[in-house]
Amino acid sequence: MAEEQKLFKVKIDGITVEVAPGTTILNAARQIGGDIVPPAMCYYSKLQGSGGKCRTCLVKVSKGSEADPRPMPKLVASCRTTVMDGMEVANITSPEVLEARKGVVEFLLLNHPLDCPVCDQAGECHLQDLGYEHGAEATRYEFKRRTFDKVDLGDKIQLHMTRCILCYRCVFTADQVAGNREHGVLGRGEHAEISTYLSKNLSSPFIGNVIDVCPVGALTDKTFRFKNRVWFLKPVNAHRDCDNPKCCGKTVLWMRGDEVFRVTARKDKYGEVEDFICDTCRFDKKEAKDWVIEGPRKIERQSVISANHYVGVNKPKDTLVEVLDGRQPKLLMDIHSISQVNRPNIDLSQIEGPAHSDDFNK
Amino acid sequence: MFSEEKLNKVKEIIARYPQGRQKSALIPVLHLAQGEFGGWLSTETMDYVASLLQIKPIEVYEVATFYSMFNLQPVGKHVFEVCQTGPCMLRGSDNIIDYIKKKLDIGVGETTKDGLFTLKAVECLGACGYAPMMQLGKHYKEHLTPEKVDAIIEECRANAN
Amino acid sequence: MGRKLLFDKAHIENIRYYDVYRANGGYGSAEKALKSMTPDQVLDEVKKSGLRGRGGAGFPTGMKWSFIAKPEGVPRYLVCNADESEPGTFKDRYLMEFIPHLLIEGLLISSYTLGANTCYIYIRGEYAWIPDILEEAIADAKKNGWLGKNIMGSGFDLEIYVQRGAGAYICGEETALIESLEGKRGNPRIKPPFPAVKGLYDCPTVVNNVETLATVVPILRIGGEEYAKYGTGKSTGTKLISACGNINKPGVYEIEMNISVEEFIYSDEYCGGIANGKRLKACIPGGSSVPILPANLLLKTAKGEPRMMTYESLADGGFATGTMLGSGGFIVLDEDQCIVKNTLTFARFYHHESCGQCSPCREGTGWMERVLKNIENGKGKMSDIDLLWDIQRKIEGNTICPLGDAAAWPVAAAIRHFRDEFEWHVLHPEEAQKRNFGLAHYADPLEIAAPAAV
Ligand SMILES: Cc1cc2nc3c(=O)[nH]c(=O)nc-3n(C[C@H](O)[C@H](O)[C@H](O)COP(=O)(O)O)c2cc1C
Ligand code: SF4
Ligand code: SF4
Ligand code: SF4
Ligand code: FES
């Protein structure tokens, strides 16, 4: 008879859960779910060695284990600390943790441009959510922020290092998923940056996944046909018979009407992809006919995207470029006035063409 | 390209580590390359080192940009690296830096027009008891005074001719 | 004269060469260990000696060694930490330059005890001439049968290699050192696993400081029990102190851990008093990371007892009124020195040396430096002092490796004990450009100088 594996009992913010030995505190918390799950900016369950760096997931271990009940002397990174039987952990019930987390968020935002309204990631950015939930209202940093120019890593991926939080996820992805890593973290300390050293094209057929794992708007999809705010797009699950054996072919299409604006992997509620996809699926299959559409995707994460209210999809008469006589669109709206508000009561599908700030001020 | 002799040195270094761990040789080999190819590491040099150790070029760039002793740009023939951390500061390193600035008419981080001297202000070099001090190439110059700095500059100039 | 165990023969001419070292009893301890003792017996002696790591943390060496995992068929490594980059510390350099064979002998005994057949000495890159000295010593030791295969017929094999770093303080942290030795960036690893289980090349590894490993030689010579009779309480034996700053005789001293701080600073045997007839203002007794203390708290503890040069006495009073022995980098400030300026140089140092892996240290160290620079340059605000306090508090304890703490502590301690000097800088920005705050009350008898509450 196979011996049953003994489970460890852990209590997180007063809620008990039983998990397999070797589980991290963060993953135990995810099994419970809800508000007590620590935010994680650098950990990524599918990437070996990830985590421990951003420090947003710090928690307090108030009791080490049944055998050794002493509390741990410092806050620990929940993503890299494994549970012990009888461990007790405080996350949102610990003022000390909340205070430290506020500090971490302040550090992460210290050199970060405060320009979500013009950032491609706005609406699906973990840092934006984190800053909203845990940050202070105003920065105390009075010095010049560190900035970098945008660079193209080939014709499909853009790097805007100013927005990077150095989570190292894209480095692990290039090593473990894409292979043949051509970019990495260069420089030290405050000068550390993601770079290829010599603006090279990234060439692996799986490198596009770095866009999906990036928690912020540092790595973005250049083929995203025009800079549409993601919350104006409708995500649908789709799949195709991808001939790359390592690609699952299961994706999310970000559509407006019948038009496919962007293809991404499917992400769970913690923003992690369910499975990685190849660059052909991501970058080259931009026609609805390339795909078998399964149906609307439920966005579970609480974010601006889920506030999207598509009631019935009406196909817009023309694509934007046509409307603009072939000109590439610039920013059409005073997005500052709406980016944080994004009135859920406005039915976007009823608006003709791209939404304008006026539509929200009515 | 390394000479036969240097290539043997590289082999000898690689032999210090277990099989398949030749990446451990990266820092020693970069030191060797920097000494051999003009005091700095060009992209070509780094790519060459990558090929010698059979690692990816990015792995070399990552390391070369992390450590402060690797120069990624050409530097002067004689680099004055004056320590400016606490213990040296307490013994007047600021005055020494100012003196060198005036004497060579360059700022910190700059190289003289003749390409002979570069001045850097660096962090603690582990010579706090012999402060103020600077590193010049492989060696330390300690207990610096303006007179000593003059003598060092003279000596470097003499070597150049 | 204090009793010496490491430097007892340092005065002998040419002791750095094998023949002289050997003729003066060198390699006697190694001979004893390899010929007449089992590794466990050696370990026992080290445990009995009470030796604590000399690299900064002061962790008992015998205990550290007993943690090493011994899975079948997996090599073990000993790594000697000669990165010595903590400002104020230059003792290992002295030892390696002048008595290299003492270190080689220590490495041999320690490797034998741990069952390590390969040992790497990781030395900071700037000490560019020392690898030659060490490699010569290694070659001579090998020629005389102390390294290589089947050493002295014991069946034990050992090779020692010298690896140069390339300029990174963080590579003194043991896991960053291991990464660097593997040819990578010096990013500290997230622990656990600890090196004793998964270190260099994922094999069990012990990392020890140069002085720690050299000290194993006298321990075996006189026996662990005898060694433990040197020093005081849990601070057994002798310690190398590298003294610098505004003293008459900067240099490396071996002290027995039973003398007072006052004796160390003022006696002619050691620092010889404050230079130029000035008075003592403050001191950082264990390398830049440990808290700075004003003169009054340095010489006497808050309880009014004389402060001794031991781990316990220097730490007496915790961070509120005490400090740490750390690596033994003893930095003395006279009455003409500016605490703000000194703190700024340290903040700049940690900013420069942060590896950049974790956000509090990467972003916070530079922030502290910039705020301190403003205060120093007469552009500070009163609120900046509280801001600094808050930044350091949010770094401390929240980072991957102790460099974050090391960056936070000097700032915290400077504000804790010298807040009035910071305030003076803010309130008198112009005057502060021309003169220093001076000795103020920092050397007054303790009753008057209660540390500023923060
Ligand atoms: C940022 C940092 C720098 C360090 N630098 C050194 C160093 O230069 N030399 C050293 O021996 N230990 C240094 N240490 C301590 C080492 O991590 C480690 O504790 C030590 O080598 C253990 O040896 P010991 O037990 O013999 O002291 C440093 C630690 C940290 C966190
Ligand atoms: S990366 Fe996120 S937080 Fe930063 S600007 Fe973009 S949306 Fe805002
Ligand atoms: S670019 Fe994105 S994924 Fe890569 S390190 Fe920066 S934030 Fe992380
Ligand atoms: S505390 Fe600083 S040095 Fe240590 S891992 Fe974090 S960023 Fe690197
Ligand atoms: S998610 Fe745990 S430290 Fe970043």
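Throughout, protein chains are lettered first and strands after them, A, B, ... in sequence-line order, and every chain is numbered starting at 1.
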Practice task
Any chance you could measure B:Leu125, atom CG, to C:Tyr127, atom OH, to the nearest 0.5 Å?
Solution key: 8.5 Å

Practice task
Measure distances from C:Asp83 to the heavy atoms of chain B and classify the residue's part below 4.5 Å as side chain, backbone, both or neither.
Solution key: neither

Practice task
Let me know if C:Glu159 has heavy atoms under 4.5 Å from chain B in its side chain, its backbone, both or neither.
Solution key: neither

Practice task
Measure distances from C:Tyr161 to the heavy atoms of chain B and classify the residue's part below 4.5 Å as side chain, backbone, both or neither.
Solution key: side chain

Exercise for the section: Could you check which of B:Thr65, B:Leu30, B:Leu26, B:Thr85 has the highest count of heavy-atom pairs closer than 4.5 Å to chain C? Expected result: B:Thr85

Practice task
Please round to the nearest 0.5 Å and tell me the distance separating atom CD1 of B:Ile27 and atom CZ of C:Arg164.
Solution key: 10.5 Å

Exercise for the section: Check C:Gly186 against B:Tyr67 and note the closest heavy-atom contact, atom names and distance. Expected result: N-OH, 3.4 Å

Exercise for the section: Consider only side-chain N and O atoms of C:Tyr120 and B:Ser24, and report whether a donor and an acceptor are under 3.5 Å apart. Expected result: no

Handout entry: Atom pair CG/CE of C:Asn342 and B:Met89 - distance to nearest 0.5 Å
Key = 4.5 Å

Practice task
Using a strict cut-off of less than 4.0 Å between a Lys/Arg side-chain nitrogen and an Asp/Glu carboxylate oxygen, indicate whether C:Arg348 and B:Glu123 qualify as a salt bridge.
Solution key: yes

Fill in the blank from the handout: The interface call for C:Tyr201 against chain B, heavy-atom contacts under 4.5 Å, is both

Practice task
With a 4.5 angstrom heavy-atom cut-off, could you sort out which part of C:Lys341 is near chain B: side chain, backbone, both or neither?
Solution key: both

Completion exercise
Heaviest contributor of heavy-atom pairs below 4.5 Å to chain C, chosen from B:His139, B:Glu62, B:Glu81, B:Glu59, is B:Glu62

Handout entry: Interface residue of largest heavy-atom contact number with chain C, from B:Ile13, B:Leu53, B:Val63, B:Ile55, under 4.5 Å
Key = B:Val63

Problem - Rounded distance (nearest 0.5 Å) linking atom CZ of B:Phe66 with atom OG of C:Ser180 - result: 8.0 Å

Completion exercise
For C:Pro250 and B:Arg91 the tightest heavy-atom approach is CG-NH1, 4.0 Å

Completion exercise
Residue from B:Pro87, B:Ala25, B:Gly126, B:Ala131 scoring the most non-hydrogen pairs under 4.5 Å with chain C is B:Gly126

Handout entry: Structural part of C:Tyr77 lying under 4.5 Å from a heavy atom of chain B
Key = side chain

Exercise for the section: Could you look at B:Ala127 and say if it's the side chain, the backbone, both or neither that has a heavy atom under 4.5 Å from chain C? Expected result: both

Handout entry: Side chain, backbone, both or neither of C:Ser288 within contact of chain B (heavy atoms, under 4.5 Å)
Key = neither

Handout entry: C:Glu126 backbone acceptor or donor facing B:Gln135 side chain under 3.5 Å
Key = yes

Handout entry: Under 4.5 Å from any heavy atom of chain B - which part of C:Cys355
Key = both

Exercise for the section: Please state whether the side chain, the backbone, both or neither of C:Ile284 comes within less than 4.5 Å of a heavy atom of chain B. Expected result: neither

Exercise for the section: Check the pair B:Tyr140, C:Arg93 against side chain to side chain contact (heavy atoms under 4.5 Å, CB included), reporting the backbone distance first and the verdict last. Expected result: CA-CA 12 Å; B:Tyr140 282 8; C:Arg93 164 186 170 186; 3.7 Å; yes

Exercise for the section: Working to the nearest 0.5 Å, report the span between CD of C:Glu84 and SG of B:Cys124. Expected result: 8.5 Å

Practice task
Examine distances only and state if a side-chain atom of B:His31 and a backbone atom of C:Gly125 form a donor-acceptor pair shorter than 3.5 Å.
Solution key: no

Handout entry: Atom of C:Gly167, atom of B:Met69 and distance for their closest heavy-atom approach
Key = N-SD, 3.8 Å

Problem - Per-residue contact mode, B:Tyr130 against chain C (heavy atom under 4.5 angstrom) - result: side chain

Fill in the blank from the handout: For C:Gly88 and B:Cys128 the tightest heavy-atom approach is N-SG, 3.1 Å

Handout entry: Nearest-0.5 Å distance, CD1 of residue C:Ile331 to CG of residue B:Leu90
Key = 7.5 Å

